[in-house]
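Following: one structure in structure tokens, then a few remarks.
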Amino acid sequence: MLFRLLVLLIISLNVFAQQPPVAKAKTQTLAQHGDTRTDDFAWMKNKNSGAFKKYLKAEQKYTDAVMADTKPLQEKLYDELLGRVKQTDMSVPYRYKTYWYYLRYTEGENYPVYCRKAGDLDADEQVILDANKVVKEEKCYSAYPLRYSYDNNLMAYAIDKTGNFESTVFFKEMKTGNKLKDVLHKVTSLAFAADNRMVFYTVQEPKTNRSYRLYKHVLGNDTGKDELIYEEKDKQFDLYVYSTKAEEFIFLMASSADETEVRFLSAKNPDEPFRIIHPRERKNEYFVSHYQDKFYIRTNKDAINFKLVTAPVSNPAIENWETLTEHREEVLLDRVDIYNDFMVLNERTHGNDRVQIRWWNTGESFYVPVEEEVYSFGGGYNPDFDAKWLRFYFSSLKTPLMIFEFNVHTLEKKILKQWEIPSGHNSDDYVTEKVFATAPDGKQVPISLLYKKGLEKNGSNPVYMEAYGAYGEPFDAGYVNTIYPLVDRGFIYAIAHVRGGDDMGRVWYHDGKMLNKKNTFTDFIASTEHLIAEQYTASGMVVAQGASAGGLLMGAIANMRPDLYKGVILHVPFVDVLNTILDTLLPLSTQEFIEWGNPYIKEEYDYIKSYSPYDNVKRQDYPHLLFTSGVTDEQVGVWEPAKMVAKLRALKTDNNLLLFKITFKGGHSGPSGRYPYYEDLAFEYAFVLKIFGME
């Protein structure tokens, strides 16, 4: 009798533990352009309040209770993920002047050890930064080298305390290991001058984290007396300072979402004032490289997919620009790299990457050959200005990452490293495809697919589908080592190359931003419907996943077409769009006007309101939902997903899972270290398998 009562008590406690928390509604009225909205959970924006902290802990406790039965599955998935990782490994060394630089991982350690060797690879190893020791000593999120001086003796290295890219920079003599007394705070970029003593660095603005000031510092001097060189007043612009590959010039670039402005000075004469190349103008983004007496400028002025022009260093004003490579409707000129004997043009056409080599002396060119239909390909890190061999990376959805060198003179190809999968991987066991969905406006949306060979298109396959679709960022169809625990269980992995990225060129980006933003959502829905219509899967058999701005996409499609999806996963999601960009003191505010619209203009306010996920939660059935966030996230505040979770709990009419997983010591990038990353992924996949009943 006592035993039965004890069992009943345990069951009762478990049921009680699995009751979702109910957030207190405190209605706040918001008015703009004559439109009145009510927000029951605006109080959560005070993330330091005791009530909000209590709510977050309750959500995490509920999530842990609901997922407790998947603990053995999570451990199994974690082991599978880790089994695909060579835990003791090293990168391919690259040469910078007289040293070979590389990093290596040791089994059991979360962070890399950065090393170098003098002269050749048979020399003794010198550890220049052990990130494991630094993270432990500084109690920080991450640590990494930022820049090396021209003479290869000084290293500027950064630590990030929170995971929000707020870097504190230290300096170290690599030959002696001595740490200098100089410390720079809230650094966003840094460049050494040719004297190896002077550095230029940009810093973040308080509150908004915008990169807004450029300072000059002489090593050994008091950092409190550093000279302010330039301050960017326009809140839509960020600053970035960098050196050219030939180390002749230092550039300062001010950039917004659709325009740039570049200044330059000689790295050998760093006390001279910066000179401007071309003043900023709307819808003119330009990026500058240097060779001999000319600047090589990639610009989209009257060329949406960019063209390449030259300008004399002596007078680079726009009236002196001469076109070297014309604009092409079907080809996006994505990047230009300059070397002593040739230039490298990274291009994208019809959704695929390609690389063109063009000789200075003859003007002749050729493309580096690539095989496979669905792939990711591009230039690796090649800091040697006099390089004869160029390093590239290649992978496909089924082919592990390969790093190879290509001799631009002999066309010889030399494989330097192929990603090893300790638990085994045979590319021939899998199939990749690229298919196209028809969007409501007739545009053809590419979808990259990966699945096991032998899979039948009978409408019964589960799908794990993701997308991003913002800021002109492409979603490359490269190798995703971590997706195989699902693929090997019969899932189809799908990437929807929706508008908002520049996967299909710059027009593809512009068709998914501002007053065209809804194309991103309808592209994803059309992609889902295409896979259903072609019998890859069925309605209610798809799990959709997106992060940050991709989380906005997930929130929108969950509101618009919840019937299509079994589950939706929203990582650090930007879901409270309207309220966030109305608050100009937040990082995702003023600078975002050019991406999403200016809510202080009524037409744009109305458009954002019509899709903002938080504002469009309604009384209806929703799929299973998993939200994630980091308490220290400064890019998308933890209150955004918290508010949407609370509103969904109040309004949704189904009994599907709604979970909120919170990282209490992590920012926008999630938890710190590689092993916690795999733990989080195992949790996510356990959630996916749980809702499919595939535990």
Side-chain angles (χ1 to χ4, degrees), residues 2-23 54-84 423 460-464 482-491 493 540-545 554 558 562 565-571 621-630 641-642 644-646 648-649 652-664 666 670-671 675-695:
L2 183 61
F3 177 75
R4 287 181 62 193
L5 288 172
L6 184 59
V7 170
L8 288 171
L9 177 61
I10 291 172
I11 292 172
S12 299
L13 289 172
N14 190 50
V15 170
F16 177 75
Q18 292 197 19
Q19 295 303 306
V22 177
K54 184 178 179 181
Y55 169 71
L56 291 182
K57 289 178 181 178
E59 283 288 357
Q60 187 60 59
K61 185 176 180 181
Y62 171 67
T63 295
D64 290 341
V66 171
M67 293 293 288
D69 62 338
T70 69
K71 280 291 186 181
L73 177 60
Q74 290 181 50
E75 292 173 5
K76 178 175 175 54
L77 289 163
Y78 177 79
D79 289 342
E80 288 180 29
L81 289 163
L82 215 55
R84 300 186 65 85
S423 60
S460 64
N461 303 298
V463 171
Y464 182 91
T482 54
I483 199 61
Y484 283 87
L486 292 183
V487 173
D488 286 341
R489 285 173 169 82
F491 278 76
Y493 174 54
M541 291 286 288
V542 178
V543 171
Q545 186 273 130
M554 295 300 110
Y565 302 98
K566 183 75 170 179
V568 178
I569 300 170
L570 306 91
H571 289 299
D621 285 357
Y622 279 86
H624 297 281
L625 298 168
L626 171 62
F627 288 75
T628 74
S629 186
M644 188 158 174
V645 168
L648 280 161
R649 292 212 191 283
K652 76 187 191 81
T653 55
D654 59 84
N655 293 316
N656 289 332
L657 294 181
L658 171 55
L659 303 181
F660 188 17
K661 188 176 190 303
I662 303 151
T663 302
F664 286 91
Y675 294 112
Y677 165 74
Y678 293 124
E679 289 171 0
D680 271 14
L681 206 53
F683 176 93
E684 178 186 325
Y685 289 171
F687 169 82
V688 171
L689 297 176
K690 180 182 180 73
I691 65 177
F692 274 104
M694 297 172 64
E695 299 175 71

### Query
Can Asn461 and Met541 be said to form a side chain to side chain contact (heavy atoms under 4.5 Å, CB included), step by step?
CA-CA 7 Å; Asn461 303 298; Met541 291 286 288; 6.0 Å; no

#### Entry: Worked check of side chain to side chain contact (heavy atoms under 4.5 Å, CB included) between Ile662 and Thr628
CA-CA 6 Å; Ile662 303 151; Thr628 74; over 6 Å; no

### Message
Go through it in stages, so that I can follow the logic: the residues are Phe683 and Thr70, the test is side chain to side chain contact (heavy atoms under 4.5 Å, CB included), and I'd like the CA-CA distance, side-chain angles, deciding distance and then a yes or no.
### Response
CA-CA 8 Å; Phe683 176 93; Thr70 69; 5.7 Å; no

### Message
Pair Leu681, Tyr78 - check side chain to side chain contact (heavy atoms under 4.5 Å, CB included), show working.
### Response
CA-CA 8 Å; Leu681 206 53; Tyr78 177 79; over 6 Å; no

### Task
Using the salt bridge (Lys or Arg N to Asp or Glu O under 4.0 Å) rule, take Arg84 and Glu80 through it: C-alpha gap first, then chi angles, then the decisive distance, then the call.
CA-CA 7 Å; Arg84 300 186 65 85; Glu80 288 180 29; over 6 Å; no

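A distance of 7.5 Å separates OH in Tyr493 from OH in Tyr464, rounded to the nearest 0.5 Å. Taken from CD in Gln74 to CG in Asp69, the straight-line distance is 9.5 Å, to the nearest 0.5 Å. Note that the CZ atom of Phe491 and the CG atom of Leu689 stand 5.5 Å from one another [nearest 0.5 Å]. Atom-to-atom distance recorded for Leu81:CG and Tyr484:OH is 13.0 Å, nearest 0.5 angstrom. Expressed to the nearest 0.5 Å, how far OH of Tyr622 lies from CG of Asp654 amounts to 9.5 Å. Considering CG of Leu625 and CG of Leu570, their distance stands at 6.5 Å, rounded to 0.5 Å.
By the side chain to side chain donor-acceptor pair (under 3.5 Å) test, Thr663 is found to be paired with no residue, residues two or more places apart in sequence or in another chain being considered.
Between His571 and Met554, the closest side-chain pair of non-hydrogen atoms is not below 4.5 Å. Residues Leu659 and Phe627 fail the side-chain proximity criterion, which asks for heavy atoms closer than 4.5 Å. Looking at heavy atoms from C-beta onward, Leu77 lies out of side-chain contact with Glu684 at the 4.5 angstrom threshold.
In this model, a donor atom of one side chain and an acceptor atom of the other lie less than 3.5 Å apart for Glu59 and Tyr55.
Look at Lys71 and Glu75 and you find no salt bridge, because none of the NZ, NE, NH1 or NH2 atoms lies under 4.0 Å from a carboxylate O. Look at Lys661 and Asp680 and you find a salt bridge, because one of the NZ, NE, NH1 or NH2 atoms lies within 4.0 Å of a carboxylate O, short of that distance.
Shown here for Ala558 and Val568, the closest heavy-atom pair between the two residues is CB-CG2, 4.3 Å. Between Pro20 and Arg649, the shortest heavy-atom contact is CB-NH1, 3.6 Å. Minimum interatomic distance between Ile691 and Gly567 (heavy atoms only, all atoms of both residues): CD1-CA, 3.9 Å. The two atoms that bring Thr63 and Phe660 nearest to each other are OG1-O, 3.0 Å, heavy atoms only. A pairwise comparison of heavy atoms in Val543 and Ile569 identifies CG1-CD1, 3.9 Å as the closest pair. Taking both residues in full, the closest heavy atoms of Pro562 and Pro623 are given as O-CG, 3.5 Å, listed atom of the first, atom of the second, then distance.
For NZ of Lys690, the number of neighbouring non-hydrogen atoms (other residues, nucleotides, ligands) closer than 6.0 Å is greater than 12.
Judged by distance alone, with hydrogens and angles left aside, the side-chain atoms of His624 form a donor-acceptor pair with the main-chain N or O of Leu657 at under 3.5 Å. A donor-acceptor pair under 3.5 Å links the side-chain atoms of Thr653 to the main chain of Asp621, judged by distance alone.
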